[in-house]
Amino acid sequence: MHKIVLTALATLGAAGVLSLSTTTASASSKVNSYISNEKITPAKVTKSIWGGFPKNKYRHGKAKPEGVVIHETANPSSTIYNEIAYMKRNYNNAFVHSFVDGSRIINIANTDYLAWGVGFPGNARFVQFEQVEVHSKSAFAHEIANASWYTAYLLNEYDLKPNNAAYDGKGTVWSHGSVAKHLGGSTHTDPVGYYASAGSKYFGQKYTMSMFYDMVQKYYNAMNVKHTKLVSAKYTSVNKQAKLSSKYKKFNLYNHVKNVSKNAKRQKWSKISPKVGKTYYIDMQAKKSTGQTWYRIRTSKNAKTRYWVYSENLTGVKNVPAKTTTSSSSSASSESTVPTSATSSTGASTTETSSVSSSN
């Protein structure tokens with residue numbers, strides 16, 4: 001981050017050096033071929049969120065970025081941990097969400113909020129991450145795999161489709177140089193120079209943003225290929241409650257039952273304010289033809305938004321205790337419009353959340 005000298009004014013200032021075009025035509029890439037031939041597996045994302053970073057919403061609101069900006073530190077002698085430490089000391093000048101090298105992807109700032117690393121207006125639009133310079137053929141190939149996979153991961157998480165912004169300044173995948181050229185706010189050109197130099201040094205061919213974009217598309221497409229055949233499920237209305245199990249992080253939250261509805265998508269656990277031992281209310285049970293049991297939960301008895309979880313996410317499932325009352329009759333459930341049981345391939349409810357967030 002030493003390359004970026006920005007003001008903290010209104011969270012959106014920036015400066016730098018002169019722009020270069022990143023519109024080099026895509027060609028057969030020796031780096032990409034090496035990644036494929038060596039079966040390089042991208043690193044997993046390490047979440048190490050630091051609470052000292054400010055939380056400012058993107059221009060369209062919290063958790064609504066419009067793309068991803070790829071940076072490079074321009075510091076050949078630094079390490080990923082040195083860069084992170086430097087950023088924490090100087091975040092008032094500039095900061096990004098994550099750092100990538102040949103071995104790691106470390107996310108240190110909440111991507112639901114903007115960072116300031118490209119100036120106005122880009123800061124209010126994009127998730128941003130830095131690449132640390134590496135110094136071997138294998139390390140560079142691994143870094144490209146990590147960075148392109150992480151770009152695809154972020155696009156997938158925020159329901160954005162890959163679109164190379166280098167050519168017309170309209171898209172979701174940006175180099176810092178493309179931001180400077182098309183949106184202003186900075187004159188930096190990274191990571192174009194670093195890619196060209198490292199590609200030539202280790203592979204005998206300049207590496208380009210077009211080649212990088214090819215890798216982003218490859219990883220994104222792999223994330224969104226549907227391999228699983230949909231199964232059926234039997235649904236039953238219930239009035240139960242349960243506590244969140246300590247195992248919940250091993251599984252995912254969904255808007256529909258996984259592999260039953262083609263519209264089933266992962267949701268962020270933060271949507272239900274997860275806490276081990278916290279009580280959630282169950283209004284429907286789904287028994288899949290594969291034998292798995294799923295529950296539709298809500299955070300309170302009267303919450304309108306509901307989510308589906310695999311039964312292993314919950315513990316101590318039991319009927320909601322009946323209220324003591326002197327009235328002659330009372331309604332057993334507010335879900336009177338939901339049939340006691342039904343068989344369906346979707347299990348969708350008219351009141352289920354329609355939000356889409358593909359977090360892993």
Side-chain angles (χ1 to χ4, degrees), residues 14 19-29 31-32 35-36 42 45 57-72 96-98 100 105 107 111-115 117-131 143-186 188-192 194-196 207-226 265-266 355-360:
S19 170
L20 295 176
S21 172
T22 58
T23 58
T24 305
S26 179
S28 177
S29 168
V31 177
N32 294 354
I35 292 170
S36 178
V45 178
K57 297 178 182 178
Y58 295 99
R59 65 171 181 167
H60 294 312
K62 177 184 173 183
K64 292 184 178 180
E66 299 164 56
V68 181
V69 175
I70 297 90
H71 293 264
E72 180 268 315
V96 294
H97 295 99
S98 305
V100 173
I105 302 169
N107 173 217
T111 55
D112 283 349
Y113 299 95
L114 64 83
V118 291
F120 176 86
N123 288 339
R125 302 183 185 189
F126 308 122
V127 178
Q128 304 180 50
F129 72 88
E130 287 274 1
Q131 293 165 100
E143 181 172 53
I144 291 298
N146 290 342
S148 55
W149 178 88
Y150 186 50
T151 301
Y153 165 88
L154 290 167
L155 295 176
N156 193 53
E157 179 167 355
Y158 290 104
D159 198 29
L160 300 168
K161 294 183 178 180
N163 184 358
N164 192 349
Y167 302 99
D168 58 6
K170 298 176 182 179
T172 56
V173 180
W174 297 72
S175 67
H176 193 168
S178 290
V179 174
K181 176 182 178 180
H182 295 291
L183 299 180
S186 171
H188 285 221
T189 64
D190 55 293
V192 176
Y194 171 59
Y195 279 3
Y207 195 67
T208 68
M209 279 301 297
S210 293
M211 294 171 179
F212 178 85
Y213 180 73
D214 287 344
M215 288 300 298
V216 173
Q217 286 186 303
K218 177 181 177 180
Y219 285 125
Y220 181 89
N221 290 339
M223 291 175 186
N224 289 277
V225 171
K226 303 299 181 183
K265 291 186 178 293
R266 295 172 183 171
S355 62
V356 175
S357 176
S358 303
S359 59
N360 282 357

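The analysis underlying the following values was restricted to heavy atoms, covering all of them including side chains, and did not include hydrogens, waters or symmetry mates.
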Novice: Considering residues at least two apart in sequence or located in another chain, which fulfil the ring-ring contact (aromatic ring centres under 6.0 Å, His included) criterion with Y195?
Specialist: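 Here the qualifying residues are Y207, F212.
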Novice: Which pair of non-hydrogen atoms, one from G117 and one from N123, has the smallest distance, and what is that distance?
Specialist: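 Looking at all heavy atoms of both residues, the closest pair is N-OD1, 2.9 Å.
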Novice: Got a sec, which residues hit ring-ring contact (aromatic ring centres under 6.0 Å, His included) with F129, two or more places apart in sequence or on another chain?
Specialist: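 Counting only residues at least two positions away or on another chain, F129 forms a ring-ring contact (aromatic ring centres under 6.0 Å, His included) with Y150.
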Novice: Kindly write out the residues that satisfy side chain to side chain contact (heavy atoms under 4.5 Å, CB included) with L160, not counting sequence neighbours, or none if the list is empty.
Specialist: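 For L160, the residues satisfying side chain to side chain contact (heavy atoms under 4.5 Å, CB included) (neighbours in sequence not counted) are L155, Y158, T172.
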Novice: Do S36 and K218 make a side-chain contact, defined as non-hydrogen atoms from C-beta onward lying under 4.5 Å apart?
Specialist: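 The answer is yes, as the side chains (C-beta and beyond) meet within the 4.5 Å cut-off.
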Novice: Work out which heavy atom in N32 is nearest to a heavy atom in S29; give both atom names and the distance.
Specialist: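 Taking every non-hydrogen atom into account, N-OG, 3.1 Å.
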Novice: List the residues meeting side chain to side chain donor-acceptor pair (under 3.5 Å) with S148, not counting sequence neighbours, and say none if there are none.
Specialist: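 Checked S148 against side chain to side chain donor-acceptor pair (under 3.5 Å); zero matches.
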Novice: Are the side chain of N107 and the backbone N or O of S98 linked by a donor-acceptor pair below 3.5 Å?
Specialist: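 Judged by distance alone, no pair lies under 3.5 Å.
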Novice: Any side-chain heavy atom of H97 sitting closer than 4.5 Å to one from F126?
Specialist: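 Result no, sub-4.5 Å side-chain heavy-atom pair not found.
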Novice: Quick check for you: to the nearest 0.5 Å, what is the distance between E72 atom CD and T189 atom OG1?
Specialist: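 The distance works out to 8.5 Å.
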Novice: Does any N or O in the side chain of N156 come within less than 3.5 Å of the main-chain N or O of N224, such that one atom is a donor and the other an acceptor?
Specialist: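 No, N156 side chain to N224 backbone: no donor-acceptor pair under 3.5 Å.
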Novice: So does H71 get a backbone contact from the side chain of Q131, meaning a donor-acceptor N/O pair under 3.5 Å?
Specialist: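 Side chain of Q131 to backbone of H71, a donor-acceptor pair under 3.5 Å: yes, one is there.
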Novice: Any idea which heavy atoms bring V192 and M209 closest together, and the distance?
Specialist: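 V192 and M209 have their closest heavy atoms at CG2-CG, 4.4 Å.
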Novice: Between atom CE of M215 and atom CD1 of I144, what is the distance when rounded to the nearest 0.5 Å?
Specialist: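 M215 CE to I144 CD1: 8.5 Å, rounded to 0.5 Å.
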Novice: Write down the atom of P191, the atom of I70, and the distance for their closest heavy-atom approach.
Specialist: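 Closest heavy-atom pair between P191 and I70: CD-O, 3.4 Å.
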Novice: With side chains defined as the heavy atoms from C-beta onward, is the minimum distance between V118 and Q128 less than 4.5 Å?
Specialist: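 V118 vs Q128: side chains touch.
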Novice: Enter the distance from R125:CZ to H60:NE2 here, rounded to the nearest 0.5 Å.
Specialist: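 R125 CZ to H60 NE2: 7.5 Å, rounded to 0.5 Å.
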Novice: Side chains of Y167 and S210: closer than 4.5 Å at any heavy-atom pair?
Specialist: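 Y167 vs S210: side chains touch.
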Novice: Could you check whether the rings of H176 and H188 sit parallel, tilted or perpendicular, using 30° and 60° as the cut-offs?
Specialist: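 Parallel: the ring planes of H176 and H188 meet at under 30°.
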Novice: My understanding is that only residues two or more places apart in sequence, or in another chain, count here; which of them pass side chain to side chain contact (heavy atoms under 4.5 Å, CB included) with K62?
Specialist: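 If we apply the side chain to side chain contact (heavy atoms under 4.5 Å, CB included) test to K62, skipping adjacent residues, the hits are K57, D112, Y113.
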Novice: Taking the side chain as everything from C-beta on, heavy atoms only, tell me whether W174 gets closer than 4.5 Å to H182.
Specialist: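 Counting from C-beta outward, W174 and H182 do come under 4.5 Å.
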Novice: State the OH-OG1 distance between Y58 and T111, to the nearest 0.5 angstrom.
Specialist: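 Reported value, rounded in 0.5 Å steps: 6.0 Å.
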Novice: What pair of heavy atoms forms the shortest contact from V100 to E143, and how long is it?
Specialist: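 Closest approach of V100 to E143: O-OE2, 3.2 Å.
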Novice: For Y219, enumerate each residue passing the side chain to side chain donor-acceptor pair (under 3.5 Å) test, keeping only those at least two apart in sequence or located in another chain.
Specialist: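 So Y219 forms no side chain to side chain donor-acceptor pair (under 3.5 Å) with any residue.
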Novice: For T151 and A147, indicate whether the former's side chain and the latter's backbone hold a donor-acceptor pair under 3.5 Å.
Specialist: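 Checked: pair present.
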Novice: How many angstroms lie between NZ in K161 and CG in N221, if you round to the nearest 0.5 Å?
Specialist: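 Result: 11.0 Å between the selected atoms.
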Novice: Tell me the closest heavy-atom pair linking Q217 and P162, and the distance in Å.
Specialist: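 The pair with the smallest heavy-atom distance is CG-CB, 4.2 Å.
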